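Working notes, structure below.
Computed from a prediction, not measured in an experiment: that's the story for all the values here. Each chain gets a letter, A, B and so on, in the order the sequences are listed, and its residues count up from 1. Atom set for the values below is all heavy atoms of this structure, side chains included, hydrogens, waters and symmetry mates excluded.
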Amino acid sequence: MNTHPARGMRDFLPEEVRRRQWVVGVIADVYQQYGFEPLETPAVENIETLLGKYGEEGDKLIFKILKRGDGGQAGQADLALRYDLTVPLARVVAEYHARLPKFFKRYQVQPVWRADRPQKGRFREFYQCDADAIGSRSMVIEAELLGAAGDVLERLGFADYTLRLNHRGVLAGLLEAGGVSAELQGEALVALDKLDKIGPDGVEAELTSRGVPDKGAHLLLELFGAVTAPGRLATPQAAFNEDVMARLERLVGPARPEAVVELRQILTLVTPSAAGRHVRLDPSLARGLSYYTGAIFEIAVPDLAGSLGGGGRYDNLIGMFLGGDVPACGISLGLERILVVMGEREMFPGGLGRAPAEVMVTIWNLDTVPDALSLAAELRSAGLRVEVYPEADKIGRQFKYASSRSIPVVAVVGDDEAAGGLVTIKDLDSGEQQRVPRAEAGDRVRAALAGR
RNA sequence: GUGAGUGUAGCUCAGUGGUAGAGCUCCGGAUUGUGGAUCCGGCUGUCGCGGGUUCGAUCCCCGUCACUCACCCCA
């Protein structure tokens, strides 16, 4: 019998659960500091809710749930596991818009599922940590979302992250300037997105193979080459952004004034936050999901090919459920991506490896089991985390177990102690032990713990 | 969906066309009221699965499955 979890799925043993909970706690705390409220939605959605929202690639990766009976055998599905947290949010907003505040700001930390092939930092079940704001077209939203993401990363201990920033309107303007026809723009974006990975020559080859005319490909690379020239990493962030901004205003400003203005606003508004030092304009950032309409962002660290998170503005998505245009913008942090990098860099604080209990009560013999349990209850009342050794093994074995579990203190009530109303408290680190009246046991344990 | 690499004890991994190995873990003892360190002893395997070649396959060949990595795309 194969006991591995299903492909791309994972079990989390206690140590790992503690790490995950710690990171999730930091994220939720920061989101709340920015005024986001919690939301949860079902793992399963009606399949038509999801289809057609993510683009062709996305649709293929949706985990479908087959119908019961003959329909299922024919491969029909009417339900699917959610692919992200953004589309379910759009559904929720459409369903409850009358009850929700004018500016609905929600955060959501739940698993999503993708029928992808697993890889480093990529799983078929993974947690997204999203924050989204519905109802405002102001770039205050973008700046606050970038600010929150920056705060999260700072608090987790990242110093070398980049918040890549671009705008779908700017991309469209660039493509028009490059003479790329409307039907080829999607192809061109996929190629341009690889600029930092395969370089200008690679992109040119890719553009050509995707049918973009040589002339257009050349022009595009000229535009992009200017903003991705060697040495750009050494340029101070603000100066770099100013340089890119100036080029965009000249090249794209006339055709797409709003997009360029929005980018400049975001840069200005994000300046006071920690994120301000990490935002970098990147005209080659495209992002694959089809629902983005305005600003787009992606969080990058040098030691991971994929991103730690991403997001952007999607002013048309909610309208697909509700009709009309409801402005919306959000960001998503990938929990396991963050954990993979933090694990490799050993960034977790020491306190996470804590023992399952502060004190272990031994069992002297079968007759004293009730007494051991009462002692445990007394210690718990004193506010301690207490484990009771479950069997009347040799006392040495019980000590060995406590030691192997890193439990720092052991309490023993043997025949001698019971006769005098005493408890032996032993500090396993120092090896010191002391017999004390039972009423003082809790204080004695605390004293031992305090010495650590 | 495409490509590559790896599958041997609970874990990490050696190994050879001729009866299966080490370290760690685990269990017992030295120690019948005291753990870590040390010493002594002990358990553990369909060599991923199926087929082929061979007198004989864990080893060579084919297939298959699983895992890992890369591509695509993404968090």
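- The interatomic distance linking Lys60(A) (NZ) with G1(B) (C1') rounds to 7 Å, in whole Å.
- Stem regions for RNA chain B, each three or more consecutive Watson-Crick or G-U pairs with both distances under 3.5 Å and listed by first number, read B:1-7 with B:65-71, B:10-13 with B:21-24, B:26-30 with B:38-42, B:48-52 with B:60-64.
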Check the interface with nucleotides 67-70 of chain B: list each N/O to N/O pair with the protein under 3.5 Å, or write none.
from: C69(B); atom 1: OP2; to: Lys120(A); atom 2: N; distance (Å): 3.3

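- Between Leu85(A) and Arg106(A) the shortest side-chain heavy-atom distance falls below 4.5 Å.
- A pairwise comparison of heavy atoms in Val412(A) and Val410(A) identifies CG2-CG1, 4.0 Å as the closest pair.
- Looking at heavy-atom distances under 4.0 Å, Gly310(A) makes contact with sugar-phosphate atoms alone, never a base.
- One C1' atom belongs to G41(B), the other to G56(B), and the distance between them is 36 Å to the nearest Å.
- Taking the side chain as every heavy atom from C-beta outward, Tyr127(A) and Val24(A) never approach each other to under 4.5 Å.
- Going from atom CZ of Arg124(A) over to atom C1' of G1(B) covers 12 Å, rounded to whole Å.
- When the C1' atom is compared between U54(B) and C61(B), the two are found 12 Å apart, to the nearest whole Å.
- For the pair Glu336(A) and Arg122(A), the salt-bridge criterion is not met [side-chain N within less than 4.0 Å of a carboxylate O].
- Contact check on Arg124(A) versus Asp116(A) returns no salt bridge, with no Lys/Arg side-chain nitrogen under 4.0 Å from an Asp/Glu carboxylate oxygen.
- Going from the C1' atom of C24(B) to that of U64(B) covers 33 Å, rounded to whole Å.
- Rounded to a whole angstrom, the distance from the C1' atom of G63(B) to that of G28(B) is 47 Å.
- Enclosure of atom CD in Gln33(A) by more than 12 non-hydrogen atoms of other residues, nucleotides or ligands within 6.0 angstrom is indicated.
- Following rounding to the nearest Å, Leu61(A) (CG) and C71(B) (P) show an atom-to-atom distance of 16 Å.
- Asp116(A) comes within 4.0 angstrom of a base, heavy atoms only.
- Using the six-membered ring where Trp is involved, Tyr31(A) and Tyr107(A) have ring planes that are tilted, between 30° and 60° apart.
- The same atom, C1', is picked in C65(B) and in C49(B); the two are 7 Å apart, to the nearest Å.
- By the 4.0 Å N-to-carboxylate-O rule, Asp371(A) lies close enough to Arg438(A) to be salt-bridged with it.
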*asked:* One character per nucleotide, please: for nucleotides 6-13 of chain B, 5' to 3', B when the base has a protein heavy atom closer than 4.0 Å, S when only the sugar-phosphate does, - otherwise.
replied: --------
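- Of the charged side-chain nitrogens involved, none lies within less than 4.0 Å of a carboxylate oxygen, so that Asp84(A) and Lys53(A) do not count as a salt-bridged pair.
- Contact annotation for Leu308(A): backbone-only contact, meaning every heavy-atom pair under 4.0 Å involves sugar-phosphate atoms and none involves a base.
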*Mark up nucleotides 30-38 of chain B, 5' to 3', with B wherever a protein heavy atom is under 4.0 angstrom from a base atom, S wherever such an atom reaches only the sugar-phosphate, and - elsewhere.*
---BBBB--
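- Contact check for Arg313(A) versus Ile141(A): side-chain heavy atoms found under the 4.5 Å cut-off.
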Heteroatom pairs (N/O) under 3.5 angstrom, protein to nucleotides 47-50 of chain B:
none

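- C39(B) and U25(B) have their P atoms separated by 12 Å, with the value rounded to a whole Å.
- Side chain to side chain, Glu417(A) and Thr424(A) meet the donor-acceptor criterion of an N or O pair below 3.5 Å.
- Under the rule for a ring-ring contact (aromatic ring centres under 6.0 Å, His included), the partners of Tyr161(A) that lie at least two apart in sequence or sit in another chain are His278(A).
- Applying salt bridge (Lys or Arg N to Asp or Glu O under 4.0 Å) to Glu45(A) and the options Arg82(A), Arg91(A), Lys64(A) leaves one that passes, Arg91(A).
- For the C1' atoms, the distance from C60(B) to U16(B) is 13 Å, rounded to whole Å.
- Taking a 6.0 Å sphere around CD of Glu48(A), one finds it holds more than 12 heavy atoms contributed by other residues, nucleotides or ligands.
- Residues Ser307(A) and Ile299(A) fail the side-chain proximity criterion, which asks for heavy atoms closer than 4.5 Å.
- Distance, Ile62(A) CD1 to A75(B) P: 14 Å, rounded to whole Å.
- A heavy-atom distance below 4.5 Å is not found between the side chains of Tyr34(A) and Gln32(A).
- Separation of the C1' atoms belonging to G21(B) and A70(B) is 34 Å when rounded to the nearest angstrom.
- In this structure, Leu163(A) atom CG and A75(B) atom C1' are separated by 15 Å, rounded to whole Å.
- For the atom pair NE2 (His167(A)) and CD1 (Ile266(A)), the distance works out to 6.5 Å, reported to the nearest 0.5 Å.
- Rounded to whole Å, the distance from CZ on Arg405(A) to P on U25(B) is 16 Å.
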